[in-house]
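Single-structure report; data block below.
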Amino acid sequence: MNIKTVGVVGAGTMGNGIAQVCAAAGLQVVMQDIGEAQLERGITTVAGSLDRLVKKEKIAAADKQATLANIATTTALADLADVDIVIEAATENEALKLDLFRQLDAVCKPGAILASNTSSISLTKIAGVTERADCVIGMHFMNPVPMMALVEVIRALQTTDETCRVVHELSEFIGKVPIEAKDSPGFVANRILIPMINEAAYVYYEGLASAEGIDEIMKLGMAHPMGPLALADLIGLDTCYAVIKVLHEGFGDSKYRPCPIWQQLVDAGYLGRKTGRGFYVYDA
Ligand code: NAD
């Protein structure tokens, strides 16, 4: 495989997980975020995740150190100049991602692939703001990244077969299963998942059952490993809200209308596990 170095933009829930799995596979990772605090938190999360794997005897203690040694951090996007591929995992916001891809296009070496972990935003639109649209693609990892096998691969209209082939190869190299989906709002995974979570939010908003009740009904009744509201807290309520809005606007169909509770919870800063409170309250 020709990919040896990976830039990861965003050290949050997804970015640090992506950095971990790439580094664990022996790739050199440069993880970038806007501040040192975000980077420190990202590295601490990776270390904690590796500690759990050591405890479960899935990896040796030396593997933990080797993985951490493969991750460099930076606040400067310019430090991604030499990487073979960038996987962008910054906040789910279209304007922010378009701006980032313009900057990445200017900074990264010619031929470097620019992938986005976006949950819902059009790859064709993201590719369109770069001068290397043929090298832009979606790599949609699932949360938590070290545990979940799927990478949903989304081709922009402009993406070449070669870019797609390299991304399939990379996904398999880091132990994931790539599956292709077309570029459409929410692609496949979130086209199905997020409307269900949005409906669970409505059920909660209308007071039909408690959060625990809703989640237990879906766990015991549908054999879901996790209830939809607990899953929303894991994903991040700001992300869930952003994705349901993309579906609503993208299809212009009222069946995707966002539950009003998203705006309230996001305004309150209750973003789920990452802020310690969402539908549930979490220990620090
Ligand atoms: P998050 O809020 O946990 O982390 C986002 C990170 O991006 C933060 O650390 C933030 O500081 C950083 N960031 C913001 N602006 C930036 C910029 N201009 N440059 C560099 N970094 C910047 O969010 P997340 O859950 O990790 O989501 C990241 C992406 O992954 C989103 O596109 C989201 O839709 C997607 N995604 C999320 C999940 C999930 O379950 N959370 C699953 C699949 C995909």
Side-chain angles (χ1 to χ4, degrees), residues 7-21 30-46 49 73-80 86-104 106-108 114-123 125-126 137-154 171 176 179 181 185-194 197 226 228-247 262 266 269-276 278:
V8 175
V9 175
T13 311
M14 297 303 288
N16 70 62
I18 295 166
Q20 179 183 327
V21 295
V30 185
M31 183 166 70
Q32 186 270 350
D33 206 307
I34 49 176
E36 289 297 340
Q38 288 86 343
L39 290 166
E40 267 174 39
R41 196 168 161 197
I43 288 291
T44 305
T45 304
V46 173
S49 166
T73 60
T74 182
T75 54
L77 217 54
D79 287 340
L80 305 187
V86 173
I87 305 174
E88 172 276 319
T91 311
E92 186 77 350
N93 174 297
E94 185 180 294
L96 185 147
K97 287 193 193 288
L98 296 183
D99 185 46
L100 265 173
F101 272 74
R102 275 187 206 101
Q103 292 185 56
L104 287 166
V107 156
C108 294
L114 303 183
S116 176
N117 184 50
T118 177
S119 299
S120 60
I121 297 166
S122 166
L123 269 309
K125 193 164 191 178
I126 293 175
I137 193 161
M139 278 185 91
H140 183 214
F141 289 80
M142 301 294 126
N143 180 12
V145 180
M147 311 290 295
M148 303 295 281
L150 176 67
V151 175
E152 199 179 19
V153 176
I154 305 105
S171 302
K176 303 298 178 197
I179 300 182
F187 321 125
V188 171
N190 283 327
R191 170 85 175 267
I192 297 169
L193 176 67
I194 295 293
I197 290 178
M226 190 179 233
L229 299 178
L231 181 55
D233 276 358
L234 178 72
I235 293 170
L237 304 192
D238 52 340
T239 303
C240 291
Y241 186 31
V243 177
I244 193 70
K245 281 195 287 190
V246 168
L247 290 172
W262 297 120
V266 168
Y270 300 161
L271 306 185
R273 286 196 193 197
K274 63 186 168 188
T275 57

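As the structure lists them, so they are numbered: ligands from 1, and atoms in each ligand from 1.
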Notebook entry, point to check: With a 4.0 Å cut-off, would you call Asp33 and Arg41 a salt bridge?
Noted result: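 Judged by the 4.0 Å cut-off on N to carboxylate O distance, Asp33 and Arg41 do not form a salt bridge.
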Any donor-acceptor pair under 3.5 Å linking the side chain of [X] with the backbone of [Y]?
X      : Y      : answer
Glu88  : Leu100 : no
Lys176 : Phe141 : no
Asn16  : Ile43  : no
Asp79  : Gln32  : no

Which N or O atoms of ligand 1 sit under 3.5 Å from a protein N or O, and how far apart is each pair?
unit_1	atom_1	unit_2	atom_2	d
ligand 1	2 (O)	Lys274	NZ	2.9
ligand 1	3 (O)	Thr13	N	2.9
ligand 1	3 (O)	Thr13	OG1	2.7
ligand 1	9 (O)	Asp33	OD2	2.6
ligand 1	11 (O)	Asp33	OD1	2.7
ligand 1	26 (O)	Thr13	N	3.3
ligand 1	26 (O)	Met14	N	2.8
ligand 1	30 (O)	Asn117	ND2	2.9
ligand 1	32 (O)	Ala90	O	3.2
ligand 1	32 (O)	Glu92	OE1	2.5
ligand 1	32 (O)	Lys97	NZ	2.8
ligand 1	34 (O)	Glu92	OE1	2.8
ligand 1	34 (O)	Ser119	OG	2.5
ligand 1	36 (N)	Ser119	OG	3.2
ligand 1	40 (O)	Asn143	ND2	3.0
ligand 1	41 (N)	Ile235	O	2.7

Item checked: Reported CD1-to-CD1 distance for the pair Ile87 and Ile18, which is rounded to 0.5 angstrom ->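 Nearest 0.5 Å value for the CD1-CD1 distance: 5.5 Å.
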